[in-house]
Amino acid sequence: MTRLTEYLLPTEKQAPADAEAISHKLMVRAGLVRQMGAGIWTWLPAGWRVHQKVVQVVREEIDAIGGREMLMPVLQPAELWRKTGRLQIDELFKLQDRKGSELVLAMTHEEAVTFHAAQTIDSYRDLPLILYHFQVKERDEPRPRAGVLRTREFVMKDSYSFDRDQGGLEERYALHVGAYDRIMARTGLRFYRVESDVGMMGGIGAHEYMAPCAAGEDDVVIGEGYAANVEVARNDPRVQCVAGADGGVVAGGKAGGGERWTRDGQALTLEPAIEIGNIFKLGTRYSEKLGATYLDEHGTALPIWMGSYGIGPARIVAAAVEQFADEHGIAWPVALAPFAVHLVALGRPATPERDAADGLYDTLLAAGVDVIYDDREAGPGEKFADAELLGCPVRLTVGRRSLESGEIELQLRRGRRDGPALPLGGEPAALVRALDELCQSLP
RNA sequence: CGGGGAGUGGCGCAGUCUGGUAGCGCACCCGGCUGGGGGCCGGGCGGUCGCAGGUUCAAAUCCUGUCUCCCCGACCA
């Protein structure tokens, strides 16, 4: 039942005064999210639907490479983190229970999953294995910013692979690359997979998935068949960075300064982007510290080779808003839209046109179409404006004109183009088929 | 953590300099009109002016302290 009169979709004409990023402004204005504190956000019903659509895409692809979904706790004993040497990380929230026992709020789950691997994985016969969950992460960020782009609490899909040797890890890593590529492609986002700095993680290889957008926090260097983080690009002997004609002074770290980048003489471009996923080859760092070993065929105990793979659904949502918004609002990719179809009823209650819209809604609902129905007593301008703000890919309109023409008007959100009108009162099966085909054809 | 800015009803704001019973637009409620792009008229509800202390006959306004939020940078396992 998704009639707007029975829903909570608190849209606003004006964005919060302190909002800067497009996704921040639009997600609040469209009634998807609301803020509670710095970097602390609530997902309202329509926003959570979008989030869950990302989650489902991710779930399907990680399941497809053999991932096993589970759920690990956020509240964890500090001792586990002391063992891995991460207890003193500033971003880690620490607390005590009533007895004074030290606890932490997990910012990631390597400790937890390795703790269980140590308990439950005994033999080479138990390997390889991929475990994952969707769970809240808590991070005491020095500076939360840009709506849901950088928050102190957020849901992450994190998977962990367990192998008997480095070769196995490379295989599990390659499987994740494939899954991540498919996930990003399915979301409809523009994205790059870039080599990243393994940095403090001390791992043996890592990639980041970056979605270019104006609110991006990192710069990505892009060329024909090449994409890398600026940090990585700077260390690439084939890449040259020279100051531009305007003096080359870059204001801050954001792209758009006067630098000119080339690789083997070929021009590269610099784009701001946000990190929407990352994958790490951890090696045996955590398994050694937490005693996660297996016995091989000779009865020898060996450390398990691990990989760690994260995706932030909220960032994918925000990146989609950033990439596809126009001056009227959000324009979701089909895969992420809170609803595939936004049905607008124009007539007042108890008019023939309203009856027709009600009837159409019932038909769509019965056929399982993912539809939101604007049955409010509001003017057409307000309804159209809200529909464009919310950004569902297909808008259907039923009003007096529909009765005269016998057609349901159809507009596509992307580009606000008129789509093929559908017959009003026609065969429901044919109507649903036409809508399905249309949605399949949309990005 | 360094620099800058801001806290007044759900959202956006004025009022603060120069102290004198808190105001506007939107939203919301009631009535009426309108009905294909945020429409119009009338009547309403809603605010300890972030918090604490101080000055004063009187504080949103002046003083002190404190909390919170935003932006830029640093940071980002």
Side-chain angles (χ1 to χ4, degrees), chain A residues 8-21 24-25 28-31 34-41 44 81 84-92 104 106-111 137 139-147 149-152 154 156 158 196-203 206 208 215 217-218 229 231 250-254 274-275 278-280 282-283 285-286 289 308 310 312 315 328-329 344-351 353-354 357 374 376-389 395-405 409 411 416 418:
Chain A
L8 179 65
L9 188 73
T11 56
E12 296 286 349
K13 282 185 192 173
Q14 284 163 305
D18 51 25
E20 201 70 27
H24 184 180
K25 290 179 182 170
V28 173
R29 284 192 56 212
R34 283 287 167 116
Q35 185 171 15
M36 187 175 280
I40 304 175
W41 289 81
L44 296 172
W81 292 72
T84 60
R86 296 167 116 191
L87 188 58
Q88 82 297 341
I89 293 175
D90 289 336
E91 281 72 27
L92 185 65
V104 303
M107 54 188 295
T108 174
H109 282 76
E110 278 84 7
E111 277 77 3
K137 303 291 179 271
R139 296 184 183 180
D140 193 0
E141 291 285 348
R143 184 154 100 83
R145 61 175 290 275
L149 272 181
R150 190 169 201 80
T151 56
R152 293 193 290 177
F154 59 95
M156 178 185 276
D158 40 325
S196 67
D197 208 338
V198 289
M200 301 292 146
M201 223 35 201
E208 287 174 349
E217 301 184 290
D218 306 302
N229 264 355
E231 292 77 20
V250 181
K254 294 287 174 61
I274 59 171
E275 182 183 340
N278 58 52
I279 54 182
F280 283 98
L282 292 175
R285 173 182 170 173
Y286 291 93
K289 285 185 171 151
S308 162
R315 285 191 168 181
H328 302 282
V344 174
L346 290 185
R348 273 176 294 183
T351 57
E353 57 268 32
R354 172 58 72 101
D374 191 346
R376 297 174 300 172
E377 278 201 58
E382 194 175 340
K383 290 189 173 189
F384 289 142
D386 274 351
E388 276 153 13
L389 191 55
R395 188 184 81 198
L396 299 179
T397 306
V398 173
R400 198 178 297 159
R401 283 184 201 163
S402 316
L403 294 182
E404 289 163 5
S405 66
E409 291 152 68
Q411 192 183 78
R416 298 207 304 164
D418 284 340

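The sequence lines fix the lettering, A, B, ..., with proteins before strands; numbering per chain opens at 1. Only this structure's heavy atoms are used, side chains among them; waters, hydrogens and symmetry mates stay out. Everything numeric in this text was worked out from a predicted model, so none of it was measured.
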Visitor: The side chain of A/A38 is closest to which nucleotide in this list: B/C69, B/G36, B/G38?
Guide: B/C69

Visitor: Under a 3.5 Å limit for both distances, which nucleotide forms a Watson-Crick or G-U wobble pair with B/C75, could you say?
Guide: none

Visitor: Nearest to the A/E12 side chain among B/G39, B/A77, B/G10, which nucleotide is it?
Guide: B/G10

Visitor: Indicate, with a heavy-atom threshold strictly under 4.0 Å, whether A/D90 touches base, sugar-phosphate, or nothing.
Guide: nothing

Visitor: At less than 4.0 Å, is any side-chain N or O atom of A/Q14 found next to OP1 or OP2 of B/G25? Yes or no.
Guide: no

Visitor: Would you classify A/T84 as touching base, sugar-phosphate or nothing, given that sugar-phosphate means primed atoms plus P, OP1 and OP2, and contacts are heavy atoms under 4.0 Å?
Guide: nothing

Visitor: Any base atoms under 4.0 Å from A/A146, or only sugar-phosphate, or nothing? Heavy atoms, all strands.
Guide: sugar-phosphate

Visitor: Begin with the C-alpha distance, continue with both residues' side-chain angles, and end with the deciding distance and a verdict on side-chain contact (heavy atoms from CB on, under 4.5 Å) for A/F384 and A/D374.
Guide: CA-CA 10 Å; A/F384 289 142; A/D374 191 346; over 6 Å; no

Visitor: Using the P atom on both, measure B/A52 against B/A60 and round to a whole Å.
Guide: 13 Å

Visitor: Just call it for A/A19: base, sugar-phosphate, or nothing, with non-hydrogen atoms closer than 4.0 Å on any strand.
Guide: nothing

Visitor: Looking at A/E217 and A/R143, is any side-chain nitrogen of the basic one under 4.0 Å from a carboxylate oxygen of the acidic one?
Guide: no

Visitor: I need the single residue from A/K13, A/R395, A/R376 that forms a salt bridge (Lys or Arg N to Asp or Glu O under 4.0 Å) with A/D386. Which is it?
Guide: A/R376

Visitor: Under a 3.5 Å cut-off for both distances, is B/A60 Watson-Crick or wobble paired, and to whom?
Guide: none

Visitor: What I want to check is whether an N or O donor and acceptor connect the side chain of A/R29 with the base of B/G10 at under 3.5 Å.
Guide: no

Visitor: Which of these nucleotides, B/G35, B/C69, B/A77, is closest to any side-chain atom of A/T108?
Guide: B/A77

Visitor: Spell out yes or no: do the side chain of A/D18 and the base of B/G5 have one donor N/O and one acceptor N/O closer than 3.5 Å?
Guide: no

Visitor: Does the pair A/R34/A/E12 count as a salt bridge with the N-to-O cut at 4.0 Å?
Guide: yes

Visitor: Counting just side-chain N and O atoms, does A/R34 come under 4.0 Å of either OP1 or OP2 of B/G10?
Guide: no

Visitor: Tell me which nucleotide, if any, is Watson-Crick or G-U wobble paired with B/U16 when both distances must be under 3.5 Å.
Guide: none

Visitor: Just to be sure I understand the rule, does A/A385 reach a base, reach only the sugar-phosphate, or reach nothing, if contact means heavy atoms closer than 4.0 Å?
Guide: base

Visitor: Output the single nucleotide from B/A77, B/G36, B/G12 whose closest atom is nearest the side chain of A/E409.
Guide: B/G36

Visitor: Got a second to check how far A/T108's OG1 is from A/M156's CE, nearest 0.5 Å?
Guide: 6.0 Å

Visitor: Looking at the side chain of A/Q88, which of B/C72, B/G36, B/A77 is the nearest nucleotide?
Guide: B/A77

Visitor: Students often get this wrong, so: under 4.0 angstrom with heavy atoms, is A/E388 touching a base, only sugar-phosphate, or nothing?
Guide: base

Visitor: Is there a side-chain contact (heavy atoms from CB on, under 4.5 Å) between A/E141 and A/T151? Walk through the geometry before answering.
Guide: CA-CA 7 Å; A/E141 291 285 348; A/T151 56; over 6 Å; no

Visitor: For B/A74 and A/R143 - does any side-chain N or O of the residue sit under 4.0 Å from the phosphate oxygens OP1/OP2?
Guide: no

Visitor: Is there a Watson-Crick or G-U wobble partner for B/A6 with both distances under 3.5 Å, and which nucleotide is it?
Guide: B/U68

Visitor: So if I take every side-chain heavy atom of A/R400 and compare against B/G35, B/G38, B/C71, which nucleotide ends up nearest?
Guide: B/G35

Visitor: Tell me the partner of B/G35, counting only Watson-Crick (N1-N3 plus N6-O4 or O6-N4) or G-U wobble (N1-O2 and O6-N3) with both under 3.5 Å; none if nothing fits.
Guide: none

Visitor: What is the distance, to the nearest angstrom, from the NE2 atom on A/H24 to the C1' atom on B/C69?
Guide: 10 Å

Visitor: Any salt bridge between A/R285 and A/E110, counting N to O under 4.0 Å?
Guide: no

Visitor: With nearest nucleotide decided by heavy atoms, which residue, A/G347 or A/P144, maps closer to the 5′ end of RNA chain B?
Guide: A/G347

Visitor: Both distances under 3.5 Å, Watson-Crick or G-U wobble: report the partner of B/U55, or none.
Guide: none

Visitor: Describe the nucleic acid contact of A/P16 in one word from base, sugar-phosphate, nothing, applying a heavy-atom distance below 4.0 Å.
Guide: sugar-phosphate

Visitor: Which one, B/C75, B/C69, B/G37, comes nearest to the side chain of A/R395?
Guide: B/G37

Visitor: Within the 4.0 Å heavy-atom criterion, would you say A/R416 contacts the bases, only the backbone, or no part of the nucleic acid?
Guide: base

